[in-house]
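Let me begin by presenting the structure, written as structure tokens, before commenting on it.
Lettering follows sequence order; numbering is per chain, from 1.
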Amino acid sequence: MTHAFQAPKGTRDFYPPDMAVRRHLESVWRSVSINHGFEEVDGPTFEHLELYTVKSGPGIVSELFSFRRAGGKTEYALRPEFTPTLGRMVASAIKRLSPPVKWFSIPTMFRAERPQRGRLREHVQWNVDVVGDASPAAELEVLAVLIGVLRRFGLTDRDVTIKLSHRQVVTELLLGAGLDEARLPAAFDLLDRRDKLPAAEFDERAATLGLDAGTLEVFRPGGQSRIDPAGVSEHFGQLLSALDDAGLASWYTTDFGIVRGLAYYTGTVFEVHATSGRERAIAGGGRYDGLVELFGGPPTPAVGVAMGDVVLRLVLEETGRLSTPETYLPRPDVFVINLLETTGLRDRTVAELRDAGLHARHSHRATKKLGKLLSEADQLRARFAVILGREAEEGRAVVKDLAAAKEEEITLDTLATTLRDRCHAKPEDQP
RNA sequence: GCGACUGUAGCUCAGUUGGCAGAGCACCUGGUUGUGGUCCAGGAAGUCGGGGGUUCGAGUCCCCUCAGUCGCCCCA
């Protein structure tokens, strides 16, 4: 009895075109991170469950996939985020690391929640962290690589905005507005939910906390565009100046309605949003100076950001920055067409081309109709077609440049080296 | 955990008050000898998500179930 299996809820099968898009995203993340001087790390896909409950409390357990080995009692959990692993890794290796540590990773993450738009149970997430630098220079490095990635994807400061905030600034603004200190958590929670609540309900809840509508204007995007450096947060003021000096002013706006739910953020917090406003945050991050210490290391300042592939892809599609998935598949350098009755020459030719480092393919169809085979080469978007036909008797093959629609005869002896040189001379034309 | 909506060909979908399951795209073959996005002709292709019920008869109506999507909760 056969049984039709389906992928588990909230997971994805990556068939070749989707896998090619995923590799495109990952390659942008990776190459920009490296250009900015970050080094790639990874950790285990699952950790001890306590690694997450220590940081987020027991309530987190219902949000993640946890399990134990059959017969064992140790509890594990598939990683729902990378920051605890990073904190653990830094804490245990801090003595042989020379700060600032600049690491990035591209791990898969898991969460047990119900899937919805922009939110699945398994996704790929780019993480970047600067550990060991308490100055605004650390935030600047993280935001610079973040903007570098956005730009490389073709996004502009008109497509996306980084909403910058600072928890101490938010705290001071709330207290300054007359909020009772005991009500700070409730106020943070309310600010976090502003976009989800009807305006009237938001105002009503704010009023019960003792906050009037006028006071709340400062918590809107762009509200209070500059913080007095000598006032609320010198650190935040310096960060804004550094961003402006680096020429990145157009990429951010202050938004003190951004507080981020994570308890471990200690200062700067930020989110990247599409200006369309229709999607969840593309990326989020901030400063978490207490995390390494929490995992047994010395007090160590840190700043990080994370960007998931799901929302990113939605935004790239919405803004027209992603072409059809098929165009991300690797293009063959050479498509060998065999018009001869035997396959020996074809197989030797393909082998030589591959040995020369070229991406070489041939048809698996039985037809000898040249038109059909050229059509197949065209569909695969091959650069060159090599036709093995009657010229082979004189030791030559027809080489056709498929884009230029030009062809010439080349001796079989020099075929591999000639094509290798031509393909490598061409710039990468992946989209 | 709660709610709404949607499941028909590989893809996007149509299918009237229940009456023989369709279109476009894609695919395959041909339009006689070795030249690729066009054109013409033909062809293949579906347990109508699954199960049960009502009926002479169900893609269509009713119940259950599975899956997906979008919200709520939660959010790393």
Protein-nucleotide distance ([X], atom [atom1]; [N], atom [atom2]), rounded to Å:
X      : N     : atom1 : atom2 : result
A:E113 : B:C2  : CD    : P     : 16 Å
A:E376 : B:C28 : CD    : P     : 9 Å
A:Y265 : B:C75 : OH    : C1'   : 12 Å
A:E122 : B:C75 : CD    : P     : 22 Å
A:D13  : B:A67 : CG    : C1'   : 14 Å
A:Q116 : B:A67 : CD    : C1'   : 17 Å
A:L120 : B:C74 : CG    : C1'   : 16 Å
A:F270 : B:A76 : CZ    : P     : 14 Å

[N] versus [M] - spacing of their [atom1] atoms, nearest Å:
N     : M     : atom1 : value
B:C74 : B:C27 : P     : 49 Å
B:C5  : B:C63 : P     : 12 Å
B:C48 : B:A9  : P     : 10 Å
B:G15 : B:G59 : C1'   : 8 Å
B:A26 : B:U12 : P     : 15 Å
B:G49 : B:U38 : P     : 33 Å
B:A44 : B:G10 : C1'   : 12 Å
B:A45 : B:G22 : P     : 13 Å

Answer yes or no: does a side-chain N or O of [X] lie under 4.0 Å from OP1 or OP2 of [N]?
X      : N     : answer
A:R390 : B:U33 : no
A:R117 : B:C70 : yes
A:K368 : B:G34 : no
A:K369 : B:G31 : yes

Parallel, tilted or perpendicular: rings of A:W126 and A:W29 (30°, 60°): parallel
Flag, side chain of A:R365 to backbone of A:K372, donor-acceptor distance under 3.5 Å: yes
Base, sugar-phosphate alone, or nothing: which one does [X] contact when heavy atoms must sit under 4.0 Å apart?
X      : answer
A:Q379 : sugar-phosphate
A:R79  : nothing
A:A385 : nothing
A:L402 : base
A:G389 : base

Residue whose nearest RNA chain B nucleotide is more 5′ - A:K400 or A:K372: A:K372
Upstream residue (5' side of RNA chain B) when A:D189 and A:T11 are each assigned their closest nucleotide: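 The residue whose closest nucleotide sits nearer the 5' end is A:T11.
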From the options [options], select the nucleotide whose nearest atom is closest to the side chain of [X].
X      : options             : result
A:D378 : B:G68, B:U35, B:G37 : B:G37
A:R260 : B:A76, B:C75, B:G36 : B:A76
A:R365 : B:G37, B:C28, B:C75 : B:C28
A:S375 : B:U35, B:U29, B:G36 : B:G36

I'd like to know if [X] pairs up with [Y] as an ion pair, taking the criterion as any Lys NZ or Arg NE/NH1/NH2 lying under 4.0 Å from an Asp or Glu carboxylate oxygen.
X      : Y      : answer
A:R117 : A:E279 : yes
A:R278 : A:E318 : no
A:R205 : A:D189 : no

Non-neighbouring partners of A:Y288 that pass ring pair (Phe, Tyr, Trp, His ring centres under 6.0 Å), sequence neighbours left out: A:Y264
Ring-ring centroid check A:Y252 A:F270, cutoff 6.0 Å: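 Not under 6.0 Å, so no.
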Aromatic contact, A:F65 with A:F110 (centres under 6.0 Å):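 No.
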Donor-acceptor pair present, A:E391 side chain and B:G34 base, under 3.5 Å: yes
Base B:C74 to side chain A:R114, donor-acceptor N/O within 3.5 Å cut-off: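 Flag unset: no donor-acceptor pair detected.
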Give the table of side-chain donor-acceptor pairs shorter than 3.5 Å for residues 335-342 of chain A, with sequence neighbours excluded, one pair per line with atom names and distance.
unit_1	atom_1	unit_2	atom_2	d
A:N338	OD1	A:L340	N	3.2
A:N338	ND2	A:T342	O	3.0

A:I106 vs A:L25 side-chain heavy atoms within contact, under 4.5 Å: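 Heavy-atom side-chain distance check fails, nothing below 4.5 Å.
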Watson-Crick or G-U stems involving RNA chain B, each at least 3 pairs long, distances under 3.5 Å, ordered by first number: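 Only these stems qualify: B:1-7 with B:66-72, B:10-13 with B:22-25, B:27-31 with B:39-43, B:49-53 with B:61-65.
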